[in-house]
Visitor: 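Mind looking over this structure? Questions follow.
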Amino acid sequence: MSLLFRRASLASLGLAFGLSALSLSPLMAQQTAPAPADATAPAAAPVDPNTVIATVNGQPLTEADLVLAEGELSQQFSQLPPEQRRAAALSAAIEIRVMAAQAVASGLDKDPDFQRRMAFLQQRALHGEMVEKGVVDKVTDAEVRARYDQEIANTPPTNEVHARHILVKTKEEAEAIIKQLDGGADFQKLANEHTSDPSGKTSGGDLGWFGPGQMVPEFDKAAFALEVGKYTEQPVQSQFGWHVIKLEDKRTKQPPAFDDVKDQAKQAVIRDKYFALVKSLRAGAKVEIPDAKLKKAVDTLESAK
C-alpha cells in the first residue's frame with residue numbers, strides 16, 4: 001500500500017492501538033508540526049522541575065506538576081491566549097488538589113468503583129509509558145528510511161496524465177464541438193467559450209496532472225485511453241454532463257519524496273513495533289475468556305491486527 005494512503009490505514013489500527021492515542025498524539029504532533037523557532041529571541045533559561053510555585057494546604061506544587069497539568073488539560077486551554085494558559089493551568093491544578101483532598105476526607109477514595117477506575121487509569125498510564133519508552137523512543141532514522149524504501153519498492157509504477165476538457169449539458173453540444181475540432185479549431189479557445197466547468201473557463205479547460213481513479217470512472221477510462229495530443233472522437237458522458245477530453249501529456253508518476261512522507265513512514269514503523277510487542281507479551285500471558293461468544297469476537301479482533 002502506498003504511503004500516500006497510510007494515514008487512512010493508521011486511523012483504523014484497532015482498539016488496542018487506539019488505547020494509546022493519548023500518549024502517542026502529543027508526541028506525533030510535535031514531530032509533524034514543530035513550532036517555528038524565533039531566531040531573534042534569546043534562549044529560555046532551563047527551569048528546575050522541582051521549583052515550588054505554590055503550596056496547597058502546606059503541600060508543594062512544583063514546576064513539574066504544572067507542566068503535567070498544562071499537558072493533560074491542553075485541550076481545555078487551547079482557546080486561551082498563550083500568556084493566560086500558565087495561570088489557567090495553575091488555577092486548575094489548585095482546584096484539582098483542594099477537591100481531591102475533600103474527596104479523600106469524605107472517604108470517596110475508598111469507594112470500590114473509584115478504586116477500580118484508579119487501577120484502570122494507572123494501567124492505561126503505564127501502557128502509555130511503555131508505548132513511548134518501549135516503542136516510540138526506540139524508532140531509529142534508519143528504520144524509518146528503510147520503511148520508506150520498502151514502500152516505494154512495493155508500489156508498482158503508475159502513469160498520470162495531463163488533460164483538458166470541455167464540459168457541456170447535452171450530447172449534441174459536445175458533438176458540435178468535436179466537429180469544430182475536426183475542422184482545426186483551437187481546443188483551449190473552445191473550452192474558454194463553451195465549458196460549463198467554472199475552473200476551465202479561463203484556463204482552456206486545463207485539469208492539470210492526475211492519476212488513475214482521481215476522476216469519475218467514465219472520464220478516467222476515456223482520458224487514459226487517449227494518445228498524447230488527441231481528443232475524444234465521441235462525447236464522454238458522466239454524472240456532470242458531456243465531456244470532450246484532450247490529452248496533453250503522459251508520464252510515470254514519481255513517488256513522494258522521503259521528506260514529504262517521513263512522518264507517515266515513522267508512524268508505520270511505530271505501528272509494526274507496537275503490534276510486535278503486544279503479540280510477544282500476549283503470547284506469554286495467560287488469558288482466559290469463559291464466554292465463548294465474547295472470546296470468538298476478541299479472537300477476531302486480534303487476528304485482524
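Quick note: residue numbers are just sequence positions, from 1.
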Visitor: When clusters are formed by joining ILVMFWY residues with side-chain heavy atoms under 4.5 Å apart, either directly or through shared neighbours, do M118 and V104 land in the same one?
Guide: no

Visitor: Quick one: which residue pairs count as a side chain to side chain donor-acceptor pair (under 3.5 Å) with a foot in residues 62-71, not counting sequence neighbours?
Guide: T62-D65, E63-R86, D65-R97

Visitor: Please check if L281 and V135 belong to a single hydrophobic cluster, counting links between Ile, Leu, Val, Met, Phe, Trp and Tyr side chain heavy atoms closer than 4.5 Å.
Guide: yes

Visitor: Atom CG of residue position D141 - does it have more than 12 heavy atoms of other residues, nucleotides or ligands inside 6.0 Å?
Guide: no

Visitor: How close do E160 and R251 get, heavy atom to heavy atom, and via which atoms?
Guide: OE2-NE, 2.7 Å

Visitor: Do other residues, nucleotides or ligands put more than 12 heavy atoms under 6.0 Å from Q122 CD?
Guide: no

Visitor: I need the E193 CD to D186 CG distance, nearest 0.5 Å.
Guide: 9.5 Å

Visitor: Is the backbone N or O of G204 less than 3.5 Å from a side-chain atom of N192, with the two atoms forming a donor-acceptor pair by type?
Guide: yes

Visitor: Is the side chain of Q264 donor-acceptor paired with the backbone N or O of V261 at a distance under 3.5 Å, no angle test?
Guide: no

Visitor: Not counting sequence neighbours, list each pair that qualifies as a ring pair (Phe, Tyr, Trp, His ring centres under 6.0 Å) and has a residue in residues 65-119.
Guide: none

Visitor: Can you tell me how far the CG atom of L126 sits from the NZ atom of K133, to the nearest 0.5 Å?
Guide: 11.0 Å

Visitor: A88 and L80: which non-hydrogen atoms are nearest, and at how many Å?
Guide: CB-CD1, 3.6 Å

Visitor: For D291, is the CG atom crowded, meaning more than 12 foreign heavy atoms sit under 6.0 Å from it?
Guide: yes

Visitor: Does CD in E72 sit with more than 12 non-hydrogen atoms of other residues, nucleotides or ligands closer than 6.0 Å?
Guide: no

Visitor: When Ile, Leu, Val, Met, Phe, Trp and Tyr are grouped by side-chain heavy atoms lying under 4.5 Å apart, directly or through other members, which residues fall in the same group as I166?
Guide: V168, I177, I178, L181, F187, L190, Y231, W242, V244

Visitor: If hydrophobic clusters are built from ILVMFWY residues whose side chains come within less than 4.5 Å, do V139 and Y274 share one?
Guide: yes

Visitor: Between NZ of K253 and OG1 of T155, what distance do you get to the nearest 0.5 Å?
Guide: 10.0 Å

Visitor: Could you check if a side-chain atom of L61 sits within less than 4.5 angstrom of a side-chain atom of V52, using non-hydrogen atoms only?
Guide: no

Visitor: Run the salt bridge (Lys or Arg N to Asp or Glu O under 4.0 Å) check on D263 and K266 step by step: do they pass?
Guide: CA-CA 5 Å; D263 291 326; K266 183 168 186 176; over 6 Å; no

Visitor: Taking the side chain from T140 and the backbone from E143, do they hold a donor-acceptor pair closer than 3.5 Å?
Guide: yes

Visitor: Is there a chain of hydrophobic side chains (I, L, V, M, F, W, Y, each step under 4.5 Å between heavy atoms) that links V287 to V298?
Guide: yes

Visitor: Salt bridge check, K179 against D182: does any charged N sit closer than 4.0 Å to a carboxylate O?
Guide: no

Visitor: Has the side chain of K201 got a donor or acceptor atom that lies under 3.5 Å from a matching backbone atom of T195?
Guide: yes

Visitor: Taking all non-hydrogen atoms of both residues into account, name the closest pair between R147 and R271 and its distance.
Guide: NH2-NH2, 3.1 Å

Visitor: Which heavy atom of P256 sits nearest to which heavy atom of I152, and what is that distance?
Guide: CD-CD1, 4.3 Å

Visitor: Any chance you could measure Q76, atom CD, to R85, atom CZ, to the nearest 0.5 Å?
Guide: 12.5 Å

Visitor: Are T158 and T252 close enough that some pair of their side-chain heavy atoms sits under 4.5 Å apart?
Guide: no

Visitor: Verify the cluster assignment for L73 and L90: are they in a single hydrophobic cluster under the rule of side-chain heavy atoms below 4.5 Å apart?
Guide: no

Visitor: Shortest non-hydrogen contact from A69 to A93?
Guide: CB-CB, 4.2 Å

Visitor: Check G134 against K138 and note the closest heavy-atom contact, atom names and distance.
Guide: O-CD, 3.6 Å

Visitor: Backbone N or O of P81 within a donor-acceptor pair of the Q84 side chain at under 3.5 Å?
Guide: no

Visitor: Identify, with sequence neighbours excluded, every residue that meets ring pair (Phe, Tyr, Trp, His ring centres under 6.0 Å) alongside F258.
Guide: Y148

Visitor: Under 3.5 Å, side chain of R164 to main-chain N/O of Q188, donor-acceptor pair present?
Guide: no

Visitor: Does the side chain of H243 come within less than 4.5 Å of P235's, by heavy atoms?
Guide: no

Visitor: When rounded to the nearest 0.5 angstrom, what is the spacing between CD in E233 and CD in E175?
Guide: 13.0 Å

Visitor: If you group Ile, Leu, Val, Met, Phe, Trp and Tyr whenever their side-chain heavy atoms sit less than 4.5 Å apart, what else falls in with F224?
Guide: V161, L167, L207, F210, M215, V216, F219, L226, V228, V236, F240, I245, L247

Visitor: Donor-acceptor pair, distance only, cut-off 3.5 Å: does the side chain of S203 make one with the backbone of S199?
Guide: yes

Visitor: H162: what forms a ring pair (Phe, Tyr, Trp, His ring centres under 6.0 Å) with it, not counting sequence neighbours?
Guide: W209

Visitor: For a quick check under 3.5 Å, do E173 and T170 share a side-chain donor-acceptor pair by atom type?
Guide: yes

Visitor: Only one of L277, V269, I270 forms a side chain to side chain contact (heavy atoms under 4.5 Å, CB included) with K273, so which one is it?
Guide: V269

Visitor: Look at the side chain of S91 and the backbone N and O of A87, then say whether any donor-acceptor pair between them is shorter than 3.5 Å.
Guide: no

